[in-house]
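What follows is a short report on a single structure.
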Amino acid sequence: MDLEKTVLERIVPSPEVVSSIQERADRLKRIVEEYIASHGIEVEARFAGSFSKGTFLSNPDLDLFLMFPDTVSEQEMRLIGLQAGEDILHGIRMFSDHPYTRGNFEGLDVDMVPCFRIDSTEHLKSAVDRTPFHTEFVNSHLDDEGRNQVRLLKKFMKGIGTYGAEQDSRGFSGYLCEVLVVRFGSFRGVLEAASRWRDGTVISVKGDGPEIVAPLVVYDPVDPRRNVASAVHLDTLSLFVVAARAYLSEPRMEFFFPNERTPMPSEGLRETVGRHGSRLVSAVFGRPDAIEDNLHSQLWKTQIAFAKKLDDFGFGVLRAVHRMDEDRMTVVFEVERDTLPRTFKHEGPPAWVNSDSFMAKWKGSPFGDPFIEDGRWRVVSERQYTVASDMLTHEASMAGIGKELDLGTMRVMGHEETLSDVDPLLLTELLDPRMPWEI
């Protein structure tokens, strides 16, 4: 349709841009091949990723795989491959499931990844050996029109906030977008299918693999033992389903190019939280010197851990948001209440069982003796914490937060401090959670 044609006119890279990237990629490949040859090992240098598949939108990272023969040991493969990355890219070593080097070459961000050259994904020797097979699959199943359909899907995903398999996004990877277009034929075909998805949806492209339990299961067409959608969180899947239905009902440019969010002024934030009758509490950490993807994962873990503590101690989390900036990491909660009465009703054992230890502990309590209610012993007890910010301060070390977050840098803020010191845009996202295409 005309809208999607207009979007493509804006997102498809020009021939000049593609040519410029290709020339630099070719130079990099020649340099790498000469470097590897000097070590006397027959290594194939092959590009993977969105540029090699012709599905990139703009400023693509180059993924260059150094494919070693399987006669080389894994230790030697990593040693030579990582050293090549440092010597050529002057980059840094990244450690995820498989180590690689990240750097820059003539203005292009490059990931240089050592792996093994294998004949089949049934004989994987490292976590990334299947990636070159992904490139072959996509290039053999998509023509130029199909690649543009992938671009539409990626841009739609970016616009609604569901793109990216990184820990912060918990969403759809570029390869997953490509596989979905192969399976359903077009951008609209994917949306029409997604409008019927639900938790536990299973999709096959070239056959099923073993049973996998996940919000969305898409069997990898080059290795059906793997779920291409393993990173997709249930909330991300749900958002995509809602967006697909909304777009099919009323296509609008805002799904691809959402309006920039305007933060509410201070008085607007106060009026909104006052209307909700809720309170705010936040925690800020200094940003550690660590891999960004790992920090995103740890920030999610911290948000979930703190939310559980707030709920367990009776403060009632309504919503939560987080953000990672250059120098700090922030988690903000909207809670039902940030202060509680000094006492609460503590539940004991059923009245008909032996309750000697319970009675010995609570008989003569300053807040009254135990009493029977609904067949159980109850007693009025003193709370351990009555203020949410105090609780987070004292319980943080036992909450199970991200391991690289330094408690020594943590600052917990109550309602007024949060309103004064936290970025108004983050507070706006917390207190006014609208869909990206509705802003």
Side-chain angles (χ1 to χ4, degrees), residues 167-168 170 233 235 263-264 266 269-270 272-290 292-347 367 380-433:
Q167 290 292 342
D168 187 46
R170 306 189 299 176
H233 189 273
D235 290 347
M264 282 191 279
S266 176
L269 291 169
R270 288 184 176 277
T272 300
V273 75
R275 187 171 65 252
H276 291 183
S278 57
R279 304 288 284 180
L280 304 179
V281 61
S282 58
V284 179
F285 296 84
R287 176 171 171 171
D289 182 15
E292 184 170 324
D293 285 353
N294 292 347
L295 291 180
H296 282 306
S297 175
Q298 292 178 47
L299 193 50
W300 271 112
K301 182 178 181 181
T302 301
Q303 175 179 310
I304 294 167
F306 278 175
K308 186 176 187 306
K309 282 289 185 182
L310 287 163
D311 281 336
D312 287 348
F313 281 95
F315 297 101
V317 174
L318 296 172
R319 288 196 75 244
V321 293
H322 66 251
R323 176 184 296 166
M324 183 165 67
D325 298 309
E326 288 187 5
D327 60 347
R328 67 181 194 169
M329 304 168 74
T330 306
V331 186
V332 190
F333 301 91
E334 182 182 13
V335 294
E336 294 174 353
R337 62 197 73 82
D338 61 351
T339 59
L340 293 167
R342 182 182 178 186
T343 58
F344 73 108
K345 185 163 58 176
H346 173 67
E347 182 179 285
F367 305 105
V380 176
S381 176
E382 186 174 19
R383 292 184 187 278
Q384 185 175 359
Y385 304 104
T386 61
V387 179
S389 56
D390 290 345
M391 184 278 294
L392 287 182
T393 298
H394 289 93
E395 292 288 323
S397 62
M398 298 171 283
I401 67 171
K403 64 180 181 179
E404 292 180 279
L405 272 63
D406 182 0
L407 287 170
T409 70
M410 184 182 73
R411 175 189 175 199
V412 177
M413 296 183 286
H415 184 77
E416 289 299 328
E417 278 189 291
T418 298
L419 281 170
S420 299
D421 292 0
V422 172
D423 184 354
L425 181 57
L426 188 59
L427 295 180
T428 300
E429 294 171 2
L430 175 72
L431 298 173
D432 184 20

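What you see below is based on every heavy atom in this structure, not just the backbone, and it leaves out hydrogens, waters and symmetry mates. Quantities reported herein were computed from a predicted structural model and do not represent experimental measurements.
Qualifying salt bridge (charged side-chain N to carboxylate O under 4.0 Å, His left out) partners for D406, counting only residues two or more places apart in sequence or in other chains: none. Legend: residues meeting side-chain contact (heavy atoms from CB on, under 4.5 Å) with T272, ordered by chain and number and at least two apart, are M264, R275, H276, L431. Applying the side chain to side chain donor-acceptor pair (under 3.5 Å) criterion to R411, with sequence neighbours excluded, gives E417, D421. Take D312 and apply the side-chain contact (heavy atoms from CB on, under 4.5 Å) test, not counting sequence neighbours, and it matches K308. For D235, there are no side chain to side chain donor-acceptor pair (under 3.5 Å) partners at least two apart in sequence or on another chain. Considering only residues two or more places apart in sequence or on other chains, E416 meets the salt bridge (charged side-chain N to carboxylate O under 4.0 Å, His left out) condition with R270. Applying the ring-ring contact (aromatic ring centres under 6.0 Å, His included) criterion to H415, with sequence neighbours excluded, gives no partner residue. Not counting sequence neighbours, the partners of R279 by the side chain to side chain donor-acceptor pair (under 3.5 Å) test are D338. Listed by chain and residue number, nothing satisfies the side chain to side chain donor-acceptor pair (under 3.5 Å) test with E429 (two or more places apart in sequence, or in another chain). Partners of D311 according to the side-chain contact (heavy atoms from CB on, under 4.5 Å) rule, which considers only residues two or more places apart in sequence or in another chain, are V317. The side-chain contact (heavy atoms from CB on, under 4.5 Å) check on E382 picks up R342, F367, with sequence neighbours excluded.
When every heavy atom of A399 is checked against every heavy atom of A305, the shortest pair comes out as O-CB, 3.2 Å. G400 and K301 get closest at one heavy-atom pair: O-CE, 3.1 Å. Closest non-hydrogen pair, A320 versus F333, comes out as CB-CD2, 3.5 Å. Scanning both residues, G286 and T409, for their nearest heavy atoms gives N-OG1, 2.9 Å. What you find for T386 and F315 is that their closest heavy atoms are O-CE2, 3.8 Å. The minimum heavy-atom distance between R337 and G314, with the atom names listed, is NH1-O, 2.6 Å.
Between H322 and W300, the ring planes lie perpendicular to each other; the angle is over 60°, past the 30° to 60° tilted range.
Side-chain contact between F306 and V281: absent, with no pair of heavy atoms (C-beta onward) separated by less than 4.5 Å.
Screening residues 394-405 for salt bridge (Lys or Arg N to Asp or Glu O under 4.0 Å), with sequence neighbours left out, gives K309-E395.
In this structure, the separation between CZ on F285 and OG1 on T302 is 5.5 Å, given to the nearest 0.5 Å. Here L310 contributes atom CG and E336 contributes atom CD; the two are 11.0 Å apart, rounded to the nearest 0.5 Å. Remark: L430 CG to D423 CG distance equals 12.0 Å, nearest 0.5 Å. Here the CG atom belonging to L280 is positioned 10.5 Å from the CE atom belonging to M413, to the nearest 0.5 angstrom. Atom CZ of F344 and atom CZ of F313 lie 9.5 Å apart (nearest 0.5 Å). Expressed to the nearest 0.5 Å, how far CE of M324 lies from CD of Q298 amounts to 10.0 Å.
Put simply, the residue from V284, V332, L426, V412 that forms a side chain to side chain contact (heavy atoms under 4.5 Å, CB included) with T418 is V332.
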